[in-house]
Peer 1: 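Structure below; questions to follow.
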Amino acid sequence: MARNTVSVDQVVNDFMLALDGDDYANNANGMLVRNYALRGIREMNFDIQKKVKSLLLTVDTTKDAVDLPDDFVDYVKIGAIGGDGIIYVFGENKNINAALKYSLDGSGDPIDTDGDGVFDRVDAKKEVSTLSADADLETYAFRNFMYQGYSGRAYGAGGGRYAGQFRVNYEQNRIELASNPNYKEVVIEYIADEARSTNPSIHIYAENALRSYVYYRLVERKSNVPMGEKMRARKEYYNERRLANARLKSFTKEEALKTIRKNYKQSPKG
């Protein structure tokens, strides 16, 4: 098993053991140190090394939606697995709900039968109007060109590079889908909040940066700590953070040569 990460419990234990009697943070309790350590993991994972997870989620076919994971921060890709085993990416459409119809009662007001705070949606395929061959799409105004009796087709109509569309509904904590065909499962790659995991950890390259962060947060608001020590702790944290960032995102000589070879590769002659 690889040993390139260190758990937050180990960082906290090592930090508490290293405190001396004359240390400015010698009276810190373990719970407070752990709280700052989790904050540091969250901050550095977002800025230095994002942790990307991939999940296969089952679609709630009654709402055409999937619930967001508990540690979800932001999405990277959302798509579905096709019959050929390839993942086809969906495109984001923030206005996706504008095209949906909702069931109405006799007064014309939307109905919420299950009490989840969301209006019940009827079959979008039956209710949403679709362009037909006789629609305005076929008029000359929407053609690309007319040349010698031949007419071009409307630019972009009927095409598209996405297998479906989605909208992230943060208020309802779900991803709403508008895909054709209707997929039973979707794949999501997302940035995860490592601090919410069962056993939070951080890369060993950033261990010293995390310890410096904990110490800096412990002393920054203490009135009995000299301002010079607070500034020193802050400077040390940012220096360790830059060092960790440089180690985690190092650009090796081999990568440079690979990039050069790729950019200057000659095309085959016919």
Peer 1: Regarding Lys51 and Asp193, does a basic nitrogen lie under 4.0 Å from an acidic carboxylate oxygen?
Peer 2: no

Peer 1: Out of curiosity, does Tyr238 fall in the hydrophobic cluster containing Met44 (side-chain heavy atoms, cut-off under 4.5 Å, transitive links)?
Peer 2: yes

Peer 1: So with a 6.0 Å cut-off around NZ of Lys235, is the heavy-atom count from everything else above 12?
Peer 2: no

Peer 1: Atom OH in Tyr24, atom CG in Leu218: separation rounded to 0.5 Å?
Peer 2: 14.5 Å

Peer 1: What orientation do Phe166 and Tyr75 show, parallel under 30°, tilted 30 to 60°, or perpendicular over 60°?
Peer 2: perpendicular

Peer 1: Rounded to the nearest 0.5 Å, how far does CD of Glu220 lie from OH of Tyr237?
Peer 2: 11.0 Å

Peer 1: Determine whether the side chains of Arg242 and Asn245 contain a donor N or O and an acceptor N or O closer than 3.5 Å.
Peer 2: no

Peer 1: Could you tell me which non-hydrogen atom of Leu19 sits nearest to which non-hydrogen atom of Ala25, and how far apart they are?
Peer 2: CD1-O, 3.4 Å

Peer 1: Determine whether Val73 and Ile202 fall in the same hydrophobic cluster, where Ile, Leu, Val, Met, Phe, Trp and Tyr are linked whenever their side-chain heavy atoms lie under 4.5 Å apart.
Peer 2: no

Peer 1: Going from CD on Glu240 to CD on Glu236, what distance comes out if it is rounded to the nearest 0.5 angstrom?
Peer 2: 6.0 Å

Peer 1: If two hydrophobic side chains count as joined below 4.5 Å and joins carry through other members, does Met31 share a cluster with Tyr215?
Peer 2: no

Peer 1: If you measure from the Lys or Arg side-chain nitrogens to the Asp or Glu carboxylate oxygens, is any gap between Lys53 and Asp71 under 4.0 Å?
Peer 2: yes

Peer 1: Please report the closest heavy-atom contact between Ala28 and Val33, naming both atoms and the distance.
Peer 2: CB-CG2, 4.0 Å

Peer 1: Flag yes if Val59 and Phe72 sit in one hydrophobic cluster, no otherwise; membership is Ile, Leu, Val, Met, Phe, Trp, Tyr, and two members link when side-chain heavy atoms are under 4.5 Å apart.
Peer 2: yes

Peer 1: Do Leu38 and Met16 sit in one hydrophobic cluster, given that two such residues count as connected whenever their side-chain heavy atoms are within less than 4.5 Å of each other, even indirectly?
Peer 2: yes

Peer 1: Is Arg241 salt-bridged to Glu43, cutoff N-O under 4.0 Å?
Peer 2: yes

